[in-house]
Each structure stands twice: as C-alpha cells, then as structure tokens.
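Order of appearance sets the numbers: ligands from 1, and atoms from 1 within every ligand. All of these numbers come straight from a predicted model, not from anything done at the bench.
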Amino acid sequence: MPISPVLERQTIYPFVRLNEAARRVESRGVEVIDFGMGDPREATDPLIRQALVDGLRDRMGYPQAQGLPELRTAIADWAERRFGTTLDPDTQVIPTLGSKEAIFSFPQVVVDLDAGRDTVAYTEPGYPVYERGALFAGARPLAVPLRERSGFLPDLDAIDEETWSRLAVFWVNYPNNPTCAIAPLSFYERLAGLAREHGFVLASDEAYTELWFEGPPASALQVADLTNVAVFNTLSKRSSMTGYRSGFVAGDPALVAALKTFRPTVGTAPQEFVQRASIVAWGDEQHVAETRERYRRKRSLFLELFGRKGIRVAGSDATMYLWLEVPPSEPAESSEGFAERLLEHGILVAPGSYLGAAGEGYFRVALVPSEEDCARAVAILEKVL
Ligand SMILES: Cc1ncc(COP(=O)(O)O)c(C=O)c1O
C-alpha cells in the first residue's frame, strides 16, 4: 500500500510519547498530575456554551469557508479594541477551525517551488506544526533557534541573502510557546519590512496574546503596513475553547483572498453553531480577565516554589507556561531524564528537547491543572526537587 514518504518519516508527535509514558506510570498506581500539554481544563464561560446551544438548528447546512459575516465583524471589532487596528471584515478576516489546521496548511497556499520560493522558516523550540506543514507542502523547513541571550527572539542578522530570497513563509510565535517571551512591536515592524523587501509572508501565530501578566503584548496586526502579513489567532487559550475549534487569520487582503480560494476545497470552515458561540466569546473580555487571574495565581504558586528550590526561571512573562532551566547536576541530566524522574513522582512536565533541539536544558510547565492540583503538585515537588 502506498504511504506518503513524508508521513513515514514523521516521528511520533512528541506529546503522544509523553502521554504514553504517563499511562505506564499510572498503570503502576501512581496518580499523574498533567502539566504536559497546553490544553486548558477550565470550564468554558456559560454564556459561550449557551450561545453554542442556541446556535443549533433543525438543519445545519455546509458552513461557508468565509464564515458568518457577524463572526468576521466580531473578530474585526475585537482586533480594533485590542490592537487599535482597523480590519475590513469582508476582505481581511477569515475564520478557521482553530489555528492548527490553518497553520499546517498555510505553506500549501504560499509555497511556490517552481519560482524557488521553497523555504519555510520557523523558530525552535516551538510548536511542531510549522515544520510538519512545511514538509507536507514539499517545502524546505528551516529551524531558526531561539536563544535566551537574545531574549528568545530569532537572530535575523544571521540569515543570509540567499535564504531570504528563498523564503515563502517566516513563522513567529509571540507570546512564545514554550519560552514565554514577548516580542516588541519593533520586532514585527522589522520582520514585516523584510517580508515586503524579499517577498515572503510574515506569518504570526498569536495563540497566546491574551494570556499576559504585566501588560497586553503587541501583535503583528499593529505594523504600519500589513502587506505580506498574516496573523493567526484562536479562542483555544484565550477563552479555554480548545474543543470548539475556532480561530481566524487576518491581515493582507491578498492572503485572505488566497485562503478564501483554498479553504472550500479543504472543507475547514467552523460549524455555524461554533461560529455563533465564537461571536459571544470574541465580544466578552470579562471571562478572559478571570482566566488571566487564575493563571496568575497558579504561576505565583510555582514561581515561589522554584524560587525556594533555586530552579532558574528562564521565561514566565506571558502564556500559560513556565520555561525553566533543568537544575545543573553532575553528571548533567538531560531534559528528558529530568522529566522522567518527575514523572516517577506523578508530575508530568514537557522536556524542552521535545519542543526542538534548542530546548535541551529546559523544561516546560503548562499551568493547566486546577488550582487544587497545582497546590498538590507543589507539595510533591517540594520533596522531590
Ligand atoms: C504556539 C501554538 N500555536 C497554535 C496552537 C493551536 O491552537 P488551536 O489549534 O487550538 O487554535 C497551539 C496549541 O497548543 C500553540 O501552542
């Protein structure tokens, strides 16, 4: 039977491996508290859930790829309130089925192998979907490392002319998963300028813009000229709605037009009842403020613990994660070895190396268990670390 060689070459999605290890520990009777994947376990706001129920009709036809006009308007209104950017809901916004599918398939919309636009750059450690989407589009993936000494921003000066000229897409993700770094607007302005100059797309994955602690982070939607810029955002983390699958792409009208041509073939328009719930979600900030406060309390609990234990916090400014240095030891422990050791005590964290080579030496804590479970985990770690 023919199987795509790209698929055959894929290693197991790292978190599948992590979950398998957790099941093995559980089968020995150890209760596992899961700080591995960034899947919020908070209840979705009742108003949003009710809107989903109210959106159900006797007959639900195929949803249109361009989405409901009311949803596009709700997204544009949100972007205006949050970032001060005026978007035309008809030409600059398209809803997606969460961000993941849109991120995965985006290279298929812009990569042009015949014209030599064959490279998709992305930062690592990071979300594995950028690389996988590039490979399935037949493109050349280019991992750009994020180093702590550069504030976990990619070193744009290290990229040579030939690479710029071959780039179809440059993925960035701020606030960053997993390093928790925030990018200033000047970074987006510079990269958007390079995108216009060299003819590639700045694709900004902004899944975590709403989970901040000091002040609201900037967006690539705020650059002065949105030519060649596509911003991806989602309700998954902002509104604890991972299961609904609802997000959007916004930016350059030419890119949104290309997506409107591409997406009907793929069949990835969110169901209309999900779109109705999404209108309510984008229109409300109260539940988002409450979510931020909950993450803030959990974050404080862990920052205090790690402070007492002398574990260095490499990143904690935004997102639902903490990015920590694996404590130095003799002989040095790998991030995977460290995570395995914690897992023996029922604490599941993500080894930095699972998120890319530059993640070695770090581990990630996703602050998704309940506050009660976080407190229990802190008590366990108090003894183990
Ligand atoms: C960096 C980043 N981008 C995008 C996503 C995708 O989120 P969703 O498909 O739920 O919108 C995630 C999910 O974990 C993520 O961490």
Show which side-chain atoms of residues 122-129 pair as donor or acceptor with protein atoms under 3.5 Å away, not counting sequence neighbours.
{"unit_1": "Glu124", "atom_1": "OE1", "unit_2": "Ala357", "atom_2": "N", "d": "2.9"}
{"unit_1": "Glu124", "atom_1": "OE1", "unit_2": "Ala358", "atom_2": "N", "d": "3.0"}
{"unit_1": "Glu124", "atom_1": "OE2", "unit_2": "Ala358", "atom_2": "N", "d": "3.3"}

With Pro63, which residues qualify under side-chain contact (heavy atoms from CB on, under 4.5 Å), at least two apart?
Ala269, Gln275

Every pair of nitrogen or oxygen atoms between ligand 1 and the protein that is under 3.5 angstrom apart - can you list them with their distances to 0.1 Å?
{"unit_1": "ligand 1", "atom_1": "3 (N)", "unit_2": "Asp205", "atom_2": "OD1", "d": "3.3"}
{"unit_1": "ligand 1", "atom_1": "3 (N)", "unit_2": "Asp205", "atom_2": "OD2", "d": "2.6"}
{"unit_1": "ligand 1", "atom_1": "9 (O)", "unit_2": "Ser99", "atom_2": "N", "d": "3.1"}
{"unit_1": "ligand 1", "atom_1": "9 (O)", "unit_2": "Lys100", "atom_2": "N", "d": "2.9"}
{"unit_1": "ligand 1", "atom_1": "9 (O)", "unit_2": "Arg245", "atom_2": "NH2", "d": "2.7"}
{"unit_1": "ligand 1", "atom_1": "10 (O)", "unit_2": "Ser236", "atom_2": "OG", "d": "2.6"}
{"unit_1": "ligand 1", "atom_1": "10 (O)", "unit_2": "Arg245", "atom_2": "NH1", "d": "2.9"}
{"unit_1": "ligand 1", "atom_1": "11 (O)", "unit_2": "Ser99", "atom_2": "N", "d": "2.7"}
{"unit_1": "ligand 1", "atom_1": "11 (O)", "unit_2": "Thr234", "atom_2": "OG1", "d": "2.7"}
{"unit_1": "ligand 1", "atom_1": "11 (O)", "unit_2": "Ser236", "atom_2": "OG", "d": "3.3"}
{"unit_1": "ligand 1", "atom_1": "14 (O)", "unit_2": "Lys237", "atom_2": "NZ", "d": "2.7"}
{"unit_1": "ligand 1", "atom_1": "16 (O)", "unit_2": "Asn177", "atom_2": "ND2", "d": "2.8"}
{"unit_1": "ligand 1", "atom_1": "16 (O)", "unit_2": "Tyr208", "atom_2": "OH", "d": "2.7"}

Out of Tyr174, Phe248, Trp171, which residue meets the ring-ring contact (aromatic ring centres under 6.0 Å, His included) rule with Phe232?
Trp171

In the structure I gave you, are the side-chain heavy atoms of Tyr188 and Leu221 within less than 4.5 Å of one another anywhere?
no

Output, in order, the C-alpha distance, side-chain angles, deciding distance and verdict of side chain to side chain donor-acceptor pair (under 3.5 Å) for Ser204 and Glu206.
CA-CA 6 Å; Ser204 185; Glu206 303 189 357; 2.7 Å; yes

Can you list everything that forms a side-chain contact (heavy atoms from CB on, under 4.5 Å) with Leu303? Sequence neighbours excluded, please.
Arg299, Val313, Ser316, Leu322

